[in-house]
Amino acid sequence: MIKYHPSEALLEAHAAGELPASMSIAVAAHCELCSCCADKLAHYEAKAAESAFSDESVKHTEANAEHDALFAEIMASIISGESVPMTKVSASPSTEIEVAGERYNLPTALRRYHHLGWSSIGAISRARLPLNEGDTRASLLHIGMNGSVPSHTHKGMEVTLLLSGHFEDEHDKYVPGDFIVLDGSNHHTPQTHDGCLCYTVADAPLHFTKGVSQLLNTIGRVIY
């Protein structure tokens, strides 16, 4: 059972289109896995739509005029019997990715990113999404069977959405759909028995709290 969810503020901001792409993907993917948050999101979307299309907020902008003109042109073409050029629809993106010999289904919000370059060290593999959001990094993170991430805390904020498999740390056990938000006040050592795939958003590298070897620094670079 999913125990960790986005805040009400995040859901409302997502419905209003106010989140950066990295966080928007996280919230959308969680809502696809969590019917409770999907219902809340639908409520906030209806609220945002009502606000956007209320009599007080609707104005006939230049963009509206261009849309109306294009619609009128298409209707005139249909009435006159002329053909209208059709936009070619590209093939649907893959619903799966393969990493470390395992195949995983992706939520809709992540399916466009099924062709990514993976970096690996030991049981940990990371593929970064090309979102170009400055210091904020969005990635798919895979930990193989019986793998773990060394004990660490966070220099900034990190969101982890568990997509498949399970992992646990000193605080809890996590299932697909769990939306876990951590910062510098949190310390943990994630480990998995069956392997797991996560979507992560971080705005700073990890800070390892045990050992100072070059290996840990390398793992930190791979994950961030």
Side-chain angles (χ1 to χ4, degrees), residues 1-4 21-34 90-133 136-152 154 158-182 186 188-202 205-211 213-224:
M1 180 179 179
I2 298 173
K3 292 183 286 185
Y4 297 90
S22 56
M23 287 300 297
S24 182
I25 289 170
V27 174
H30 170 81
C31 289
E32 188 169 333
L33 297 170
C34 175
S90 59
S92 299
S94 174
T95 62
E96 293 185 333
I97 60 167
E98 182 173 345
V99 53
E102 300 289 337
R103 297 193 68 83
Y104 297 94
N105 285 314
L106 290 175
T108 303
L110 283 162
R111 288 176 186 172
R112 72 182 68 181
Y113 303 110
H114 64 285
H115 289 304
L116 296 172
W118 289 85
S119 299
S120 302
I121 180 168
I124 301 171
S125 301
R126 186 268 295 156
R128 185 172 298 152
L129 275 62
L131 298 182
N132 300 317
E133 293 182 352
T136 299
R137 311 287 176 83
S139 306
L140 289 173
L141 180 68
H142 179 263
I143 306 175
M145 290 179 62
N146 299 314
S148 65
V149 178
S151 182
H152 66 274
H154 303 82
E158 180 185 69
V159 171
T160 299
L161 173 64
L162 181 53
L163 299 175
S164 183
H166 304 79
F167 76 87
E168 60 187 77
D169 60 16
E170 296 86 340
H171 310 294
D172 212 340
K173 297 181 179 181
Y174 307 97
V175 301
D178 274 330
F179 188 99
I180 308 147
V181 182
L182 301 173
N186 302 112
H188 68 155
T189 310
Q191 54 187 330
T192 176
H193 299 294
D194 56 345
C196 63
L197 179 70
C198 303
Y199 172 70
T200 66
V201 180
L206 306 184
H207 175 65
F208 292 99
T209 54
K210 293 183 180 179
S213 69
Q214 184 62 37
L215 175 61
L216 293 187
N217 292 330
T218 301
I219 292 174
R221 287 194 294 271
V222 168
I223 294 174
Y224 177 60

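For the single chain, residues carry numbers from 1 onward in sequence order.
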A.B. asks: Could you walk me through whether Ile25 and Tyr199 pass the side chain to side chain contact (heavy atoms under 4.5 Å, CB included) test, one step at a time?
C.D. replies: CA-CA 9 Å; Ile25 289 170; Tyr199 172 70; 3.8 Å; yes
A.B. asks: List in chain and number order the residues that pass side chain to side chain donor-acceptor pair (under 3.5 Å) with Ser22, two or more places apart in sequence or in another chain; answer none if no residue qualifies.
C.D. replies: Glu133
A.B. asks: Using distance alone, with no hydrogens and no angle criterion, decide if Thr200 and Glu158 have a side-chain donor and acceptor under 3.5 Å apart.
C.D. replies: no
A.B. asks: For Ala100 and His142, work out which heavy atoms get closest and say how close.
C.D. replies: CB-CE1, 3.7 Å
A.B. asks: Provide the closest heavy-atom pair for Asp194 versus Gly165 in the form atom of the first, atom of the second, distance.
C.D. replies: OD2-CA, 3.9 Å
A.B. asks: Kindly compute the distance separating SG (Cys198) from CZ (Arg126), expressed to the nearest 0.5 Å.
C.D. replies: 14.0 Å
A.B. asks: Considering all heavy atoms of both residues, which atom of Arg128 and which atom of Ser139 are nearest to each other, and what is their separation?
C.D. replies: CA-OG, 3.8 Å
A.B. asks: Taking the side chain as every heavy atom from C-beta outward, state whether Phe167 and Ser148 have any pair of such atoms under 4.5 Å apart.
C.D. replies: no
A.B. asks: Which distance, rounded to the nearest 0.5 Å, do you find between the NE2 of His30 and the CG of Leu162?
C.D. replies: 11.5 Å
A.B. asks: Less than 4.5 Å apart, side chain to side chain, heavy atoms only: is that true for Leu182 and Thr160?
C.D. replies: no
A.B. asks: Which atom names give the shortest non-hydrogen contact between Ala26 and Leu161, and what distance separates them?
C.D. replies: O-CD2, 3.6 Å
A.B. asks: Please set out all donor-acceptor pairs under 3.5 angstrom arising from side-chain atoms of residues 172-179, sequence neighbours excluded.
C.D. replies:
{"residue": "Asp172", "atom": "OD1", "partner": "Lys3", "partner atom": "NZ", "Å": "2.9"}
{"residue": "Asp172", "atom": "OD2", "partner": "Lys3", "partner atom": "NZ", "Å": "3.1"}
{"residue": "Asp172", "atom": "OD2", "partner": "Tyr4", "partner atom": "OH", "Å": "2.5"}
{"residue": "Tyr174", "atom": "OH", "partner": "Asp169", "partner atom": "OD1", "Å": "3.1"}
{"residue": "Tyr174", "atom": "OH", "partner": "Asp169", "partner atom": "OD2", "Å": "3.1"}
{"residue": "Asp178", "atom": "OD1", "partner": "Lys3", "partner atom": "N", "Å": "2.8"}
{"residue": "Asp178", "atom": "OD1", "partner": "Tyr4", "partner atom": "N", "Å": "3.0"}
{"residue": "Asp178", "atom": "OD2", "partner": "Val175", "partner atom": "N", "Å": "2.9"}

A.B. asks: Working to the nearest 0.5 Å, report the span between CG of Asn132 and CZ of Arg137.
C.D. replies: 10.5 Å
A.B. asks: Any side-chain heavy atom of Leu140 within less than 4.5 Å of one from Tyr113?
C.D. replies: no
A.B. asks: Work out which heavy atom in Gly144 is nearest to a heavy atom in Thr192; give both atom names and the distance.
C.D. replies: O-CG2, 3.4 Å
A.B. asks: Taking all non-hydrogen atoms of both residues into account, name the closest pair between Ala123 and Gly147 and its distance.
C.D. replies: CB-CA, 4.0 Å
A.B. asks: From Arg103 CZ over to Leu197 CG, what is the distance, rounded to the nearest 0.5 angstrom?
C.D. replies: 12.5 Å
A.B. asks: Does the side chain of Ile97 come within less than 4.5 Å of Leu110's, by heavy atoms?
C.D. replies: no
A.B. asks: Counting C-beta onward and ignoring hydrogens, is there a side-chain heavy-atom pair between Thr136 and Met23 closer than 4.5 Å?
C.D. replies: no
A.B. asks: Any chance you could measure Cys196, atom SG, to Ile143, atom CD1, to the nearest 0.5 Å?
C.D. replies: 4.0 Å
